[in-house]
Amino acid sequence: MSRLPSLLRSTVFPKKWTRIEGGLRRVSSQGTPDTPAYTSEDLETFRRRRKTDWKRRQGGQSFLDNVIVTVRGGTGGSGCAAFHREKFKPFGPPSGGDGGRGGDVYILPTSHLTTLSTVPKKIRGENGSHGQGTWQNGKAGTPLVIRVPIGTVVRQLPWDDPRRAKDAWESEEESLQGLAPSEKREKMRDKRWVHYPQYHELNVERDSFKDAEEAYYNAERIRRYESRRKAMEDPIYLDLDKEEGFEKPINAPLGTRHQEHLGHLIAPGGLGGLGNPHFVSAENRSPKFATRGIEGERLTLSLELKLLADIGLVGMPNAGKSTLLRALTGGRAKSEIAAYAFTTLNPVIGIVRVAEDGTFEGSISGQTVHDETWKEEQEEKERLERGHYATAPTRNQIVEDLPANLATPIKPGHHFDIFETFRFTIADNPGLISRASENVGLGHAFLRSMERSLALVYVVDFSKEKPWDELSVLRDELEKYQPGMSEKARLVVANKADLLASNEDPIAIEQAKEKLKVLEDYVMTTMTLPDRRSLDVVPISAKFSQNLPKVVGLMQRYVEEERKRMEEEAD
Ligand SMILES: Nc1nc2c(ncn2[C@@H]2O[C@H](COP(=O)(O)OP(=O)(O)OP(=O)(O)O)[C@@H](O)[C@H]2O)c(=O)[nH]1
Ligand SMILES: [Mg+2]
């Protein structure tokens, strides 16, 4: 067993290891197995552990709901210095084309994405192509669209933010530091002007070039001022919380083109350079220079993804948060469940749909056991192989022979899409442990997604000896993340109650009741909220879907109360 981790480090297994019956075995030179077989289960566990370790090493950095990206519009193409050549016309007119515009960069929210991990850290628009002789202008750069998930907030980093990337002028200044003034001037000129072959030295001596250069620097100064003023006074701020698309006006004339919606322009590309015909004047009839394209706008954006769940689940690793989420959503929310710490690496959001009579979607499937993911997969596979689904009852049939254990039986034909009267979202989160604020475990960066939740729910493992110890740790970690955050907590869910009194043993049941009493007392005495309200305590079994209607009822109440309060505050 001890050899496994190092073995797993490489994806290519060494030759002497062979796959036998789904497990791994070491095969000696004679070809006979000489070490015990490792089951695929061991492998799976190791694979997942490794993933968690990797995540942990990132120190919360890979939790991608917040990225900083630097964006640059495309640079314009250079203008061209050329002259028309034609038979019997020895001195043709200047004919250099202009450079094409650099490509603009847009940002567009899309429902196809759910994380910011697909957004690159550095984004550059396409450059325009250069102008050419015979008055050929360069092609403009194609616009670039950055796609982000809906719910992304885009902010341009303020001018004084140390994470902001330098703008074009600052970086030029930096690159010229320590050079002699004449060298500096030369470098700056090279960056801005194109000369006709062999005319470089001649050009810079001529007055017409000096005039053009002065005009160029004046225009550039205005551009720089404008760009900086905008960054300081009017930074980009976009709250992309809706799907967007181009809508053709209903009464548009026939044949109106259907335009693609590119989203919001954030970094315009730079203008293309001017070809030499632009510099013709009375003094200089054949200008032998052209300008290079201008650099596109540079800016640094912070993208933040608002995961908005009404209820956030907070608990130690293995408390059963993911199991609870699955049970409440009828297995729709695919959150991984496994018996080791930090199974859940990123927040997962599910929707709880409640009917008029208090039943919820998860309760329809009644007797389902929400087991560990790999077990469920295995069972599913077996069922499939046994041809179970060929004769599977429809949803209505399942409902018919079910609800003896439910308070209000669901009528045949009960369909949530019709009867659903209330819905709220609930977020399953990675486990929180003591000293998470010091980046132990997965840290607590993910709590950001819960900052705006309406209510928080503690999930504790009730089968542990002292479940109340977990509570104080959780509360302290919440407070360390953001003072006042623990005041959002409304409910303590004592999960895995089935483990305490599973065998109907009266003594065990009595003991479990006493333990619950102790937990309730603890919550009453030490966890009261500032307005003297106490948290509710509900024992449940998420795995076997027991006592969940109570949890849903309470959650619904919190959400309703908070929404009402927010409405009142808004008025
Ligand atoms: N007996 C019993 N086991 C449960 C119950 N709820 C969860 N479990 C088991 O507890 C283990 C952990 O469950 P998870 O739902 O993955 O726990 P979690 O809180 O999401 O854990 P992390 O994602 O690591 O933070 C799994 O083996 C579950 O099968 C329950 O009500 N009863
Ligand atoms: Mg989990």
Side-chain angles (χ1 to χ4, degrees), residues 69 71-80 95-116 118-120 123-156 219 222-223 226-227 229-231 233-275 277-278 290-299 301 303-306 308 417:
V69 293
V71 185
R72 214 199 266 196
T75 307
S78 302
C80 174
S95 68
D98 298 341
R101 259 190 70 105
D104 298 332
V105 181
Y106 293 84
I107 197 158
L108 178 71
T110 158
S111 55
H112 300 297
L113 288 178
T114 51
T115 104
L116 290 172
T118 52
V119 181
I123 296 162
R124 272 190 86 149
E126 197 190 343
N127 293 347
S129 38
H130 303 316
Q132 282 171 315
T134 336
W135 297 280
Q136 296 178 79
N137 293 341
K139 185 170 153 282
T142 330
L144 182 81
V145 180
I146 310 171
R147 282 165 216 276
V148 292
I150 291 180
T152 305
V153 179
V154 183
R155 280 191 198 90
Q156 183 175 1
I222 294 171
R223 231 177 36 238
E226 263 308 305
S227 146
R229 190 196 57 79
K230 194 171 167 298
E233 292 174 9
D234 187 20
I236 292 175
Y237 177 88
L238 297 167
D239 193 350
L240 307 174
D241 53 2
K242 279 191 289 290
E243 178 106 46
E244 293 175 10
F246 180 78
E247 273 172 41
K248 202 159 90 170
I250 289 177
N251 293 327
L254 274 179
T256 304
R257 281 246 189 138
H258 206 85
Q259 262 180 323
E260 197 190 344
H261 179 68
L262 296 176
H264 306 262
L265 176 64
I266 46 171
L271 290 178
L274 302 176
H278 288 269
T291 60
R292 290 190 195 277
I294 294 168
E295 246 186 40
E297 193 83 41
R298 288 193 201 184
L299 36 93
L301 300 176
L303 308 181
E304 193 178 328
L305 184 58
K306 289 184 295 188
L308 278 185
D417 297 336

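All values derive from a computational prediction rather than experimental measurement.
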- Query: Hey, mind stepping through T291 and H278 against side-chain contact (heavy atoms from CB on, under 4.5 Å) and telling me if it holds?
  - Reply: CA-CA 10 Å; T291 60; H278 288 269; over 6 Å; no
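- Taking 4.0 Å as the cut-off between side-chain N and carboxylate O, E226 and R229 count as a salt-bridged pair.
- Across all non-hydrogen atoms, the minimal contact from R223 to I294 is NH1-CD1, 3.2 Å.
- P109 approaches I150 most closely through the heavy-atom pair CB-CG1, 4.1 Å.
- Among L116, L108, L305, the single residue meeting the side-chain contact (heavy atoms from CB on, under 4.5 Å) criterion with V148 is L116.
- Every residue meeting the side-chain contact (heavy atoms from CB on, under 4.5 Å) condition with L238, not counting sequence neighbours, appears here in chain and number order: I107, V154, I236, L240, H264, I266.
- The closest side-chain heavy-atom distance from T75 to R124 is below 4.5 Å.
- The shortest heavy-atom contact between C80 and G131 is CB-O, 3.4 Å.
- Residues passing the side-chain contact (heavy atoms from CB on, under 4.5 Å) test with D104 are R101, Y106, L265, P268, sequence neighbours excluded.
- Put simply, the side chain of T118 does not reach to within 4.5 Å of the side chain of R147, judged on heavy atoms.
- Closest heavy-atom contact between E297 and A267: O-CB, 3.9 Å.
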Show me the side-chain donor-acceptor pairs of residues 136-143 shorter than 3.5 Å, one per line, residues at least two apart or across chains.
| residue | atom | partner | partner atom | Å |
| --- | --- | --- | --- | --- |
| Q136 | NE2 | G133 | O | 3.1 |
| N137 | OD1 | D98 | N | 2.8 |
| T142 | OG1 | E126 | OE1 | 2.5 |

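- Listed here is the closest heavy atom pair of A231 and P235: O-CB, 3.8 Å.
- Listed by chain and number, the residues in a salt bridge (Lys or Arg N to Asp or Glu O under 4.0 Å) with R298 are E295 (sequence neighbours excluded).
- For R155, the salt bridge (Lys or Arg N to Asp or Glu O under 4.0 Å) criterion is met by E304, not counting sequence neighbours.
- Under the rule for a side-chain contact (heavy atoms from CB on, under 4.5 Å), the partners of S78 that lie at least two apart in sequence or sit in another chain are H130, V194, R292.
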